[in-house]
Every structure is written in structure tokens, then in C-alpha cells.
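Reading through the C-alpha cells given below for one structure.
When reading the values below, keep in mind they use all heavy atoms of this one structure, side chains included, and skip hydrogens, waters and symmetry mates. Positions are given from 1 along the sequence.
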Amino acid sequence: MFIEIYDKLVQTLYPYAIQPYINKRLKKGKEDPARHNERLGKPLLPRPAGKLIWLHGASVGESISMLPLIDKLLKENPDFNIMVTTGTITSAEIMSKRLPPRAFHQYIPIDNPKFAQSFIQYWKPDIALWFESEFWPAMLGEIKKHNIPLILVNGRISDKTFKRWRLFKFASKELLSCFNLCLGQSDEDARRLKEIGAKKALCLGNLKYAGFNPPVDADKKADILAQIGSRTTWGVISTHNDEEAQIGKRIAELKAQIPDLLTIVAPRHPQRGADIQQQLNALGLKTALRTKQEKITPETDVYIADTIGEVGIWYDIAPVIFIGGSLIPHGGQNFIEPCRFHDAVLVGPFMHNFTDAMNRAKKADAIIQIKNTEQLSKEVLKLLQDKEYLQTRQEKAYNWATGEAKVLDGISDVIKEYL
């Protein structure tokens with residue numbers, strides 16, 4: 001009943017509220033005009049012959065976490081093809097570079113029953129793997145109508161989401177009834193999924209533990225290393241607004257102890273690069289912006305890497321990495337990737353998006369969590385000045401991250417049952 005009401009409401013409101021909103025997104029560059037037909041359930045690519053596995057994720061993090069599973073499924077099923085859907089331009093760009101042969105990307109349609117029906121009837125997927133924590137009623141309802149096996153993979157139910165769904169359990173129960181199986185990131189996620197209506201929920205671990213390392217372009221890396229020379233370097237990665245300024249205020253005191261220090265800043269949203277440069281310049285720091293092709297000179301304090309798909313270079317170059325989204329109440333970003341690069345990894349106090357992973361990492365002493373930028377400055381100094389301490393932290397991070405990667409086999413085995 002909930003999905004039926006939702007569908008009617010969306011169809012009524014679409015021309016008056018939803019379509020104007022999408023048009024604004026197009027004007028602001030948040031939608032891809034060349035592929036907007038996909039958002040309307042009108043694909044241009046032909047459907048490949050044979051079985052088609054469909055994986056859907058919201059944006060960059062979810063789509064990247066799919067890659068090891070995609071690789072495994074294609075290797076084990078040489079006659080299958082894989083379609084990946086996401087909703088953002090950034091994730092589409094990354095997928096176009098990183099998807100292997102027999103896998104392709106499409107934008108997820110706007111959640112309108114008309115578009116969802118067109119999408120499902122055209123692609124006719126043999127199974128759908130849902131990596132997103134948002135449940136889109138029109139699309140889920142259409143999947144169920146066509147009796148397509150649907151599995152929630154790496155499901156996470158935050159405290160806020162859990163409280164909301166408990167208040168509207170009639171809706172969550174109907175939405176979760178569309179799933180044949182729900183795989184939670186943690187035991188607590190699986191328990192919460194059951195409580196709000198999942199027919200079958202269990203935890204096999206967090207798929208992000210099994211992720212591929214981001215690619216490293218050898219030529220670009222060599223060029224950057226030539227510019228850096230012998231300077232001491234650390235990375236500030238996946239930062240959000242205000243974090244760059246907070247850390248920027250500590251760079252002068254860091255350089256007082258390490259005069260040749262270079263800080264590499266790679267913001268979560270690269271389009272903020274010019275604004276970040278302006279903020280850091282206002283603090284008296286000398287900066288270079290990658291998208292402007294500005295070179296790193298001996299006078300450069302901060303190199304702002306405002307690009308997409310190059311984070312592996314910064315993880316590979318810098319021995320110490322701070323992961324952003326954690327100095328502000330955003331909830332953190334993926335800290336597991338730099339661990340796999342053998343980096344010493346620091347995070348801030350706000351890591352509630354990764355509660356289970358943080359608990360496991362802290363139990364293994366694999367991660368350094370600081371409370372504020374004063375502590376961050378002290379830890380960075382210690383890591384960069386004490387080689388033995390740095391090596392210990394790097395080994396602990398790497399050993400933990402690689403040991404957790406076994407989750408991939410368990411999830412793959414479950415999916416095979418439905419294939």
C-alpha cells in the first residue's frame with residue numbers, strides 16, 4: 001500500500017515539483033545533459049546477450065566498494081555481463097575509468113514508476129544487488145513486480161535512519177519485503193534490518209574491507225615525485241568544508257619543526273579546489289593548485305590535488321595520511337584504503353559512518369584517532385620524526401586491512417545461490 005501511494009504521489013507531483021528541481025540540477029551542472037535520457041529510463045546502449053547482473057550504488061564510495069565483487073563475479077561467470085548504476089556525475093566518471101570489460105555504467109532513473117518500469121523492462125536484469133542505504137520505492141516495487149532476485153549488500157542502518165524507520169515501520173517493512181536477502185555491514189546492522197522489517201538479514205562482514213586499491217598512474221606519480229624531491233610529505237585526504245582551514249592553521253607550527261614539510265590536500269569534492277586555495281592563501285600559506293597545472297616548488301606549503309581518480313597517487317607518495325570528514329560531524333570517509341597502501345592513518349573524532357570498522361581497527365591498534373587539530377599536529381610530528389614509530393603504525397594498519405579482506409568470498413558465495 002505504501003509503494004502504491006508513493007507512486008501515485010510522485011506521478012502527480014512530477015511536473016510541478018520534481019521536474020523543475022531536476023532542471024535546476026541540470027543548469028547547475030549536477031546532472032549529465034549528454035546522458036539525461038538514462039535518468040528518464042530511456043537507455044541508448046543495447047542490452048548485452050545472456051545473463052545480466054545489476055549492481056546499484058548511490059555514489060563514489062558505494063561504486064568503488066563494488067569493484068572487487070564485480071571482478072570476482074566476472075571471472076567466475078565468463079558468460080555474464082554486469083551493469084552498474086549510480087546517481088552522480090563523479091561516480092560515473094570514476095566507473096568509466098575503472099570498470100573491467102563486460103561491465104558498463106548507467107545512471108539510475110529518477111524514482112518515478114514510469115521511468116522505473118521502462119528501465120526494468122529494457123534491461124531485464126537476472127539479479128539486482130543494492131549497495132545503497134536509501135530505498136527508492138518506485139524502483140524497488142518494480143523489481144519485485146518482475147520477480148527479480150534483490151539483495152541488499154553492505155547495508156548500513158545509522159542511528160538516525162534506524163529511529164526514523166522505527167517510527168514508520170509500516171513503510172520500512174513493505175520496502176524491505178522487496179529484498180530476498182539483506183546483508184548488513186555489521187551484526188548490529190543486520191539486527192536493525194530485521195527489526196524494521198527484513199525477512200532475512202545476516203552479516204558476512206563489510207565489503208569495503210575487500211576493496212581494490214585506487215589506481216596509481218606511474219607517469220603522474222613520477223612527475224609529482226620529481227617536483228617534491230627529498231621533501232617530507234604527508235596527505236590530508238577526502239576533506240570537507242572548513243577542515244582545510246582548521247588544518248591550515250596548524251601547518252606553520254608543523255613547518256617550524258619540519259622546515260621542508262609539504263602538505264598534500266585532496267578534497268572530497270574537487271570542485272572546491274579554488275575556494276580552498278583562497279582560504280589557505282589567506283592564512284599566509286603558499287599553495288599550488290593541480291587543476292591549474294601549478295608546480296610544486298621549494299616554497300610551496302600546500303599542494304591542492306583537486307582532481308578525480310588520483311587519490312591512489314597521494315596514498316602511494318605520502319607515508320602519513322589524515323582522512324577528512326572526521327573533524328566535522330560528517331561522520332568520516334573511507335580510512336581503509338590508505339591502510340592497504342601501508343600508510344600510517346589518522347582520523348578525527350567524528351567517525352560514526354564507520355562505527356563497526358573503527359571498532360575493529362581500534363581493537364587491532366591499526367588507526368590513530370585524534371580529538372582536535374592540536375592532537376593531530378603532535379601525532380603528525382611524531383610520525384614524521386620517529387621512523388621506528390612510523391613503521392610500527394604502518395605495519396599495524398596494513399596487517400589489519402589485508403586480514404579483513406576475506407569477507408569477499410562469503411558475499412560472493414551467497415550471491416551465487418540466487419544466480
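- Salt bridge status for Arg250 with Glu253: present, with a side-chain N to carboxylate O gap under 4.0 Å.
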Going through the checks in order, is the salt bridge (Lys or Arg N to Asp or Glu O under 4.0 Å) test met by Lys72 and Asp409? CA-CA 9 Å; Lys72 188 175 181 65; Asp409 291 336; 3.1 Å; yes
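- Salt bridge annotation for Arg192-Asp189: absent, with no cationic side-chain nitrogen under 4.0 angstrom from a carboxylate oxygen.
- Of the possible donor and acceptor atoms, none in the side chain of His342 sits under 3.5 Å from a partner among the backbone N and O of Tyr398.
- Atom-to-atom distance recorded for Lys255:NZ and Leu285:CG is 8.5 Å, nearest 0.5 angstrom.
- With respect to Arg393 and Asp365, a salt bridge is recorded, a charged nitrogen being found less than 4.0 Å from a carboxylate O.
- Using modelled atom types and a 3.5 Å distance limit, the side chains of Asp223 and Gln227 yield a donor-acceptor pair.
- Ion pairing between Arg47 and Asp126 holds under the 4.0 Å rule for side-chain N and carboxylate O.
- Salt bridge annotation for Asp71-Lys75: present, with a cationic side-chain nitrogen under 4.0 angstrom from a carboxylate oxygen.
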Take Lys382 and Glu379 through the test salt bridge (Lys or Arg N to Asp or Glu O under 4.0 Å) and record every step on the way to the result. CA-CA 5 Å; Lys382 186 177 180 181; Glu379 277 293 335; 5.4 Å; no
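- For the pairing with His105, the side chain to side chain donor-acceptor pair (under 3.5 Å) check across Arg98, Arg35, Glu38 returns one residue only, Arg35.
- Side chains of Asp242 and Gln246: a donor-acceptor N/O pair is present below 3.5 angstrom, by distance only.
- A donor-acceptor pair shorter than 3.5 Å can be found between the side chains of Tyr303 and Arg290.
- In this structure, Asp306 does not pair ionically with Lys292, as no charged nitrogen and carboxylate oxygen lie closer than 4.0 Å.
- Note that CD1 of Ile110 is 4.0 Å distant from CD1 of Ile22, once rounded to the nearest 0.5 Å.
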